[in-house]
Protein chains: 4
Amino acid sequence: MTSIDLNSDLGESFGRWVLGDDAAMVPLISSANIACGFHAGDPTTLRRTCEQAAAAGVVVGAQVSYRDLAGFGRRFIDMDPIELTDDIVYQIGALQAIALVAGTSVRYVKPHGALYNAAVHHRVQATAIVDAVRSVDPTFPVLGLPGSELLAAAGASGLRAVPEAFADRGYSPDGALLPRNQPGAVLHEPNEVATRVLRMVTDGQVLAIDGTAVEVSAESVCVHGDSPGAVQMAVAIRDALAVAGVEIRSFR
Amino acid sequence: MTSIDLNSDLGESFGRWVLGDDAAMVPLISSANIACGFHAGDPTTLRRTCEQAAAAGVVVGAQVSYRDLAGFGRRFIDMDPIELTDDIVYQIGALQAIALVAGTSVRYVKPHGALYNAAVHHRVQATAIVDAVRSVDPTFPVLGLPGSELLAAAGASGLRAVPEAFADRGYSPDGALLPRNQPGAVLHEPNEVATRVLRMVTDGQVLAIDGTAVEVSAESVCVHGDSPGAVQMAVAIRDALAVAGVEIRSFR
Amino acid sequence: MTSIDLNSDLGESFGRWVLGDDAAMVPLISSANIACGFHAGDPTTLRRTCEQAAAAGVVVGAQVSYRDLAGFGRRFIDMDPIELTDDIVYQIGALQAIALVAGTSVRYVKPHGALYNAAVHHRVQATAIVDAVRSVDPTFPVLGLPGSELLAAAGASGLRAVPEAFADRGYSPDGALLPRNQPGAVLHEPNEVATRVLRMVTDGQVLAIDGTAVEVSAESVCVHGDSPGAVQMAVAIRDALAVAGVEIRSFR
Amino acid sequence: MTSIDLNSDLGESFGRWVLGDDAAMVPLISSANIACGFHAGDPTTLRRTCEQAAAAGVVVGAQVSYRDLAGFGRRFIDMDPIELTDDIVYQIGALQAIALVAGTSVRYVKPHGALYNAAVHHRVQATAIVDAVRSVDPTFPVLGLPGSELLAAAGASGLRAVPEAFADRGYSPDGALLPRNQPGAVLHEPNEVATRVLRMVTDGQVLAIDGTAVEVSAESVCVHGDSPGAVQMAVAIRDALAVAGVEIRSFR
């Protein structure tokens with residue numbers, strides 16, 4: 001493998017509240033998962049981040065979420081699947097118009113936060129997401145966790161399923177992400193993270209929390225955009241990949 | 001003139017709260033101004049109303065608003081025009097995706113409530129609306145009050161400006177609408193309203209509150225969808241127009 | 001038993017959207033569970049309903065909810081319990097000030113919708129509710145389902161636990177409410193409902209969906225305020241209780 | 001004058017979004033204007049900031065706002081005054097319960113952002129604010145701009161009116177604040193700001209943008225809590241006041 005996609009969650013400011021440094025992150029990645037207003041992202045923030053992506057030639061994806069500003073989309077909500085599908089259609093469309101005005105376009109979908117996690121095991125909600133994506137544009141790939149219900153449902157319905165790995169998250173031996181409240185769940189040291197990403201890309205493996213090597217078959221690696229040190233981490237990853245001759249390139 | 005457009009504000013339920021009878025109103029009109037979620041309209045409501053419009057062959061427009069669920073978009077908000085433009089782009093896009101999924105498409109834009117009223121005189125906000133529409137799709141007509149800054153800005157920027165009259169609103173002698181809190185501002189008697197609409201269409205005139213005849217040069221007549229008796233009023237208007245041989249037809 | 005409390009969910013309009021007929025319902029009940037703005041209830045609606053309760057001598061309770069206007073509080077949200085406690089404290093306080101201004105006061109708490117249902121089995125959320133109530137006012141009783149974690153936690157922490165029955169809901173043989181999507185889950189015939197309530201009050205029993213008699217030990221009976229026919233149903237219940245010599249009186 | 005109150009806007013984080021450094025600011029001031037959830041401040045943030053104020057012996061005030069999370073309460077909203085009054089009652093009550101749980105209490109009210117600015121000239125909204133405060137607790141002072149309609153209405157209705165000056169804002173020769181978009185409207189240099197505050201307190205004067213000395217008769221000085229360098233600025237002000245023998249003490 002000589003190339004890999006780097007994706008990051010962006011557009012997550014809201015009005016007066018600033019989160020992350022989109023201007024610095026955008027040039028370091030190949031795919032920008034841009035919020036759609038339901039967990040974060042007022043329209044002006046979204047337009048600016050889309051403009052930055054357009055200027056940098058970075059592919060834009062819709063980072064769809066439960067309607068939950070107060071919880072930043074990190075709370076599971078037991079929604080009716082039809083309402084969930086409609087909420088996602090709404091969000092994708094909103095970002096499509098914003099992206100158009102910014103000189104680019106939405107080209108894939110990735111669920112955010114608790115919806116992402118729900119879609120790993122919750123078949124009904126995973127299917128609701130896929131129904132939304134397919135009805136808006138069946139050429140949109142869906143990003144998700146390898147082995148998730150989401151990617152299974154996407155594939156079964158004819159959507160392209162794109163598995164991703166996480167640069168700065170700890171893994172359990174079975175390949176799942178460690179819950180955020182466990183020790184080792186979130187990594188902070190740029191060089192350690194860069195080394196992990198390089199191994200993911202070149203060997204298809206990541207070291208789990210117990211030291212065992214876990215297979216990760218990822219077409220994209222997620223780099224978080226809102227943590228302290230996010231930019232330094234992305235730079236370290238880019239440098240490590242460059243030294244190893246791995247190109248950073250969108251999966252589209 | 002042998003045809004006129006009838007437009008109505010629809011899709012204004014929100015979650016548990018039902019407003020208006022979209023299923024009954026849609027077949028009676030030619031243009032559905034469908035809410036976009038900022039003053040009303042959860043995504044599932046919007047999809048259903050779009051599906052009803054698609055089934056009836058009724059043209060869909062985006063009824064854009066200030067972000068104000070608690071005030072139903074009826075409060076003037078002194079917004080930064082760039083943020084207003086972005087908010088409107090977001091809303092149009094959201095409804096475009098919903099309409100697509102419902103088998104139809106957005107084909108014009110009409111501002112709602114306090115934004116509609118602001119756009120009569122407030123040049124900066126009127127221009128912000130026009131900027132949004134033009135950047136999303138310069139073929140979209142804009143509905144507004146005859147003589148408004150909105151229609152002036154639309155025309156100046158190359159958008160089609162569509163003046164509308166109001167079936168059930170009282171007029172002052174200068175052609176403005178009476179404020180809602182004044183006597184005679186809202187008419188309720190179906191036959192009286194139907195007679196007024198017929199005169200608007202055939203003579204281009206409406207009787208003002210003082211009895212003087214005012215010129216109204218309208219390509220569309222707005223019939224309110226959420227008032228008690230809205231359906232009966234629309235039926236009366238249709239009947240009166242049919243008797244007079246006036247076709248009800250979209251301005252698009 | 002010669003008296004029973006009748007409670008109803010009120011204050012559930014929001015801005016332009018009207019739900020229920022609070023003015024008609026208030027005089028028919030003894031306890032008004034008034035929304036607190038998180039699932040329904042703009043402040044002006046809340047004040048008006050509190051004023052109606054004050055005028056009728058009806059006791060006011062805080063009907064607290066998840067923050068979920070779009071879902072009307074009917075979607076389970078997997079919240080952090082500390083945030084849930086704080087959300088509930090906030091809601092109770094908001095209604096306390098509104099009630100004060102309206103000439104009355106909040107005197108008990110009842111969770112709404114999905115939070116009510118979660119608190120039947122979800123010990124962590126049940127405890128979070130109880131923590132909120134106790135920290136605001138340990139003299140506040142809590143209304144809930146007999147046998148629920150909520151009432152257990154309330155009792156264990158020294159709060160008064162008030163079990164309630166439902167006038168117009170179907171029961172399963174084990175005393176649980178039938179889920180709303182099952183046949184027989186919601187009853188509509190006023191006389192049937194009134195007969196059931198009378199039996200609950202005089203015999204402490206209700207007929208389950210399979211015809212077996214289930215023990216219900218309730219200090220209050222919930223009459224829904226937002227269903228079609230809610231007023232007629234409450235009138236029928238009052239009449240049946242009056243004929244049987246049962247007084248309608250607050251549990252406080 | 002040997003003492004002055006220092007007040008600051010706090011509790012303005014919301015969910016995932018952090019704004020300001022409340023833990024650092026609270027010990028530097030004597031009055032904390034804590035948000036109430038309408039422009040900022042989720043309940044958990046509010047409780048934590050109230051706890052910090054309680055621990056530091058700092059007086060808590062309710063910083064009430066238009067309902068406008070997306071605009072951070074900085075957009076004028078042309079609200080019905082009765083609805084504005086009810087919205088403010090709701091907010092004060094919510095913070096009262098939060099403060100109670102945190103071991104303190106709300107003791108004054110200050111409007112935020114666009115509502116603060118509206119209340120300078122807009123008599124109807126100023127009166128609506130005063131009506132809310134008086135109906136909740138007529139012993140609550142109201143903070144506002146000297147010469148404002150707000151303070152006039154407060155005084156006329158029997159509330160204590162507390163005029164305040166702004167540590168880091170530029171003044172026009174007539175004593176008004178320079179609009180934020182003008183040069184010199186916001187000052188950033190800690191020593192300059194500290195010198196200005198000292199002059200306000202000892203001489204009752206501030207230098208306007210044109211260099212003329214303007215009378216400011218203030219019982220409190222507002223130090224912004226969310227600007228970069230807010231903490232350093234507050235420290236510089238405290239140091240300058242300490243050297244001059246001026247005590248920092250609540251106006252209550």
Side-chain angles (χ1 to χ4, degrees), chain C residues 11 13-16 34-38 40-51 60 62 64-67 69 77 79-106 109 128 130-138 140, chain D residues 11 13-16 34-38 40-51 60 62 64-67 69 77 79-106 109 128 130-138 140:
Chain C
S13 295
F14 191 77
R16 174 74 178 81
I34 300 186
C36 297
F38 270 39
D42 63 278
T44 297
T45 288
L46 301 184
R47 179 183 46 78
R48 286 187 189 138
T49 305
C50 282
E51 286 173 349
V60 169
V64 298
S65 170
Y66 296 125
R67 187 195 285 263
L69 287 173
I77 303 183
M79 288 186 68
D80 175 273
I82 289 175
E83 294 178 355
L84 178 56
T85 296
D86 293 329
D87 275 10
I88 292 170
V89 168
Y90 181 98
Q91 291 177 74
I92 296 172
L95 191 67
Q96 284 181 308
I98 293 282
L100 171 72
V101 166
T104 182
S105 61
V106 172
V109 173
V130 167
D131 287 349
V133 176
R134 198 181 39 178
S135 65
V136 173
D137 192 331
F140 281 174
Chain D
S13 296
F14 191 77
R16 174 73 179 82
I34 299 185
C36 296
F38 270 40
D42 63 278
T44 297
T45 288
L46 301 184
R47 180 183 45 78
R48 287 187 187 137
T49 304
C50 283
E51 286 172 350
V60 169
V64 297
S65 170
Y66 296 125
R67 187 194 287 261
L69 288 173
I77 303 182
M79 289 186 67
D80 176 273
I82 289 175
E83 293 178 356
L84 178 55
T85 295
D86 292 329
D87 275 10
I88 293 171
V89 168
Y90 181 98
Q91 291 177 75
I92 297 172
L95 191 67
Q96 284 180 309
I98 293 281
L100 171 71
V101 166
T104 181
S105 61
V106 172
V109 173
V130 166
D131 287 349
V133 176
R134 198 180 41 178
S135 65
V136 173
D137 192 330
F140 281 174

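Excluded from the calculations below are hydrogen atoms, water molecules and symmetry mates; all remaining heavy atoms, backbone and side chain alike, are included. So that the names make sense, note that chain A is the first sequence line, chain B the second, and so on, each numbered from 1.
Of the residues considered (C/Val101, C/Ile88, C/Ile92, C/Asp86), C/Asp86 shows the highest number of contacts with chain D, using heavy-atom pairs under 4.5 Å. Interface summary for chain C: among D/Leu46, D/Ile82, D/Val89, the most heavy-atom pairs under 4.5 angstrom belong to D/Val89. Highest contact tally toward chain D, considering only C/Gly93, C/Ser135, C/Ala94, is held by C/Ala94 [criterion: heavy-atom pairs under 4.5 Å].
C/Tyr90 contributes no side-chain N or O that, together with a main-chain N or O of D/Thr44, makes up a donor-acceptor pair within less than 3.5 Å.
In this structure, the portions of C/Glu83 lying under 4.5 Å from any heavy atom of chain D include both its backbone and its side chain. Heavy atoms of C/Leu95 lying under 4.5 Å from chain D are absent altogether. In this structure, the portion of C/Leu100 lying under 4.5 Å from any heavy atom of chain D is its side chain and not its backbone.
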